[in-house]
Protein chains: 2
Amino acid sequence: MTLPESAEPEAAVAPGPAFSPLYQQIKALLVRSLQAGEWKPGEAIPSEMELAARFKVSQGTVRKAIDEMATENLLVRRQGKGTFVATHAEDHIQYRFLRLMPDDGSPSGMARQFLDCKRMRAPAEVARALGLKSGESVVWVRRTLSRNGAPVVLDDIWLPAAPFKGLTAERLSQYAGPMYGLFETEFGVRMIRAEEKIRAVAADATSATLLAVSSGAPLLSVERLSFTYGDRPVELRRGLYTTASHYYRNELS
Amino acid sequence: MTLPESAEPEAAVAPGPAFSPLYQQIKALLVRSLQAGEWKPGEAIPSEMELAARFKVSQGTVRKAIDEMATENLLVRRQGKGTFVATHAEDHIQYRFLRLMPDDGSPSGMARQFLDCKRMRAPAEVARALGLKSGESVVWVRRTLSRNGAPVVLDDIWLPAAPFKGLTAERLSQYAGPMYGLFETEFGVRMIRAEEKIRAVAADATSATLLAVSSGAPLLSVERLSFTYGDRPVELRRGLYTTASHYYRNELS
DNA sequence: GAGTGGTCTAGACCACTTC
DNA sequence: AAGTGGTCTAGACCACTCC
């Protein structure tokens, strides 16, 4: 069965009938609604019964679509209350993407300090990663995160200038909360997932100064490419982490 | 509803009725069967219909239990064939837990070389991590992984001596395949999940020699604690990775 | 064709939240 | 009490694999 709404363009060359279950089609429609901003981050989406009626399928089918979106962290279910659009802007979800933990328990808050924020032409490497044409404008941000007064993270961040028009150091400093929260509420750009490439590098002169370590000290280099809906890359971030009293935590399964 | 078989010991102090859905109880029973070795890694478990009959529940309930175990990588579903116990010993699943990727595409095979394998008393730190009594025996293994003749990984591995009785350098060298495959087939110990703590460190003299880098060169330190069924830790591994031509890949969501 | 997992439905009831 | 998500059932049919 195929929903009437879904065009389902059949590739002329790739022959496979590419059977797509109903719930996958529902899921695609829901993602499009999220992308279009029909429901904003933090808001509730319609109930399963309503969606089932809208799409003319059973509740179970809607359920399976939502289930997958919940495990992908696009939606959050709350029993008795409803299903909500995931967000980076909630107090208890701070730093959803930051895996750096202090050696001594508490993953408490970190102090943000913005060092620079400039509009510039995208370096070739950045343009490639973000899928921009060579020479297009990007916004470059440099900032540090400190714990107990000591700098721990030095981030260089590149964002395509177009969707982030109006991003200034001032604006960044005023916003209390994670950057991804600001991106959501001020620019309507939601980070869905990210890929990281991690290396050990030696601190160069400027990094060493900014992180208060000696030149040549080993640092964790974390290169992160973040994606919005539709797997469009919208942020390249290169973090340098000091790992003397912190570690990057990962779970394998 | 509660399955008659499940004892469900009620904590005297913690009062909550702790409602447990049927499918969770089924899941717990299936995990116990895996733990007991009723079905070995790579083998098929009974069909959903058979299990439904055995547990006197509907197929859908068994399905949901299996679904969760599949997303936890305990089981693998193959449409038309059956549901199989996950394993580290399959050719195409090589290095399930190794996230190190070469800069130039192909994650091809690596050459293993075992440098040492000794029985010793557990250092305090190791004992603590593995939940052993101070002074209990462990097996210590040191090995390297090389790509294209160049060493890339130096691993120090500590295993509780009891379950790994008879593990020798000889035995390790002869086995073609990942260590976790050998652990499964030879010692019946299956690694289910792992936690890693990642840091950047400077190479000390011996590491530098073994990895053919200069002393003080930055290396990625990956401390991995691996768990079997029931969240029992059974391996502590400290890897040093050279990241000049490789990177540690991670996905965030 | 028989057996397996995968999808979809319709309906009942449960647990949680809010009013 | 009403509305939400969460569980469970029973049955039909589909897609894939193997014989």
Side-chain angles (χ1 to χ4, degrees), chain A residues 1-6 8 15-30 39 42-86, chain B residues 1-6 8 15-30 39 42-86 90 92:
Chain A
M1 181 178 181
T2 300
L3 282 181
E5 290 86 347
S6 83
E8 191 113 24
F19 163 73
S20 166
L22 239 190
Y23 77 88
Q24 287 288 5
Q25 303 175 42
I26 304 289
K27 186 178 158 190
L29 291 176
L30 290 174
W39 313 295
E43 284 182 9
I45 70 171
S47 76
E48 296 178 351
M49 292 305 252
E50 283 181 77
L51 290 172
R54 174 193 301 196
F55 297 127
K56 296 200 166 60
V57 299
S58 79
Q59 189 208 9
T61 301
V62 170
R63 235 188 126 57
K64 187 145 188 185
I66 293 179
D67 274 346
E68 280 202 359
M69 295 174 70
T71 64
E72 289 169 17
N73 294 310
L74 294 181
L75 299 174
V76 177
R77 323 189 75 140
R78 286 186 217 145
Q79 180 170 152
K81 302 182 74 173
T83 302
F84 298 78
V85 182
Chain B
M1 183 177 180
T2 300
L3 284 181
E5 292 86 344
S6 84
E8 192 114 25
F19 162 73
S20 167
L22 240 190
Y23 76 89
Q24 287 287 4
Q25 303 175 43
I26 305 289
K27 186 179 158 189
L29 291 177
L30 290 175
W39 314 295
E43 284 182 8
I45 71 171
S47 76
E48 295 177 353
M49 292 303 257
E50 282 181 78
L51 290 171
R54 174 194 300 194
F55 296 127
K56 297 202 167 58
V57 299
S58 79
Q59 189 209 9
T61 301
V62 170
R63 234 187 126 59
K64 187 146 188 186
I66 292 179
D67 274 346
E68 281 202 359
M69 295 173 70
T71 65
E72 289 169 19
N73 293 311
L74 294 181
L75 299 175
V76 178
R77 322 190 75 140
R78 286 186 218 147
Q79 179 170 155
K81 301 182 73 171
T83 302
F84 299 77
V85 182
E90 292 201 345
H92 40 274

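Proteins get letters first, then strands, A, B, ... in listed order; numbering begins at 1 in each.
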Rounded to whole Å, please give me the gap between [atom1] in [X] and [atom2] in [N].
X     : N      : atom1 : atom2 : value
B/F84 : C/dG3  : CZ    : P     : 17 Å
B/D67 : C/dC8  : CG    : P     : 14 Å
A/M49 : D/dG6  : CE    : C1'   : 13 Å
B/L22 : D/dT9  : CG    : C1'   : 11 Å
B/L51 : C/dG3  : CG    : P     : 17 Å
A/E68 : C/dG6  : CD    : P     : 12 Å
B/F19 : C/dT17 : CZ    : P     : 14 Å
A/Q59 : C/dA10 : CD    : C1'   : 10 Å

So which one's nearest nucleotide on DNA chain C is more toward 5', A/K81 or A/V62?
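The residue closer to the strand's 5' end, by nearest nucleotide, is A/V62.
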
Pick the nucleotide of DNA chain C nearest each of A/Q24 and A/Q79; which residue has the one closer to the 5' end?
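Looking at the nearest nucleotide for each, A/Q24 comes out on the 5' side.
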
Selected nucleotide, minimal atom distance to [X] side chain, candidates [options]:
X     : options               : result
A/K64 : D/dT7, C/dT7, C/dT4   : C/dT7
A/T61 : C/dT17, C/dC8, D/dA10 : C/dC8
B/V57 : C/dT7, C/dG6, D/dT9   : D/dT9
B/E48 : C/dG6, C/dC8, D/dG5   : C/dG6
A/S47 : D/dT4, C/dG6, D/dA15  : D/dT4
A/P21 : C/dT9, D/dC8, C/dC8   : C/dC8

I need the single residue from B/K64, B/E48, B/E50 that forms a side chain to side chain donor-acceptor pair (under 3.5 Å) with B/Q59. Which is it?
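The single option meeting the side chain to side chain donor-acceptor pair (under 3.5 Å) with B/Q59 is B/E48.
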
Report the C-alpha separation of B/I66 and B/I45 in whole Å, then their side-chain angles, then the decisive distance to 0.1 Å, and conclude whether the side-chain contact (heavy atoms from CB on, under 4.5 Å) test is met.
CA-CA 10 Å; B/I66 292 179; B/I45 71 171; 4.2 Å; yes

With a cut-off of less than 4.0 Å, is there a side-chain N or O of A/S58 near OP1 or OP2 of C/dC8?
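No, A/S58 has no side-chain N/O under 4.0 Å of OP1/OP2 on C/dC8.
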
So does B/R78 get a side-chain nitrogen or oxygen closer than 4.0 Å to the phosphate oxygens (OP1/OP2) of C/dG5?
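Checking C/dG5 against B/R78, no side-chain N or O comes under 4.0 Å of OP1 or OP2.
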
Atom of B/P46, atom of B/R54 and distance for their closest heavy-atom approach:
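Closest heavy-atom pair between B/P46 and B/R54: CG-NH2, 4.0 Å.
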
Which heavy atom in A/W39 sits nearest to a heavy atom in A/A44, and how many Å separate them?
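Scanning both residues, the minimum pair turns out to be CD1-O, 4.3 Å.
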
On DNA chain D, nearest-nucleotide positions of A/R63 versus A/G80: which is more 5'?
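Between the two, 5'-proximity favours A/G80.
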
Is any side-chain heavy atom of B/I26 less than 4.5 Å from a side-chain heavy atom of B/L51?
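The answer is no; the side chains never approach within 4.5 Å.
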
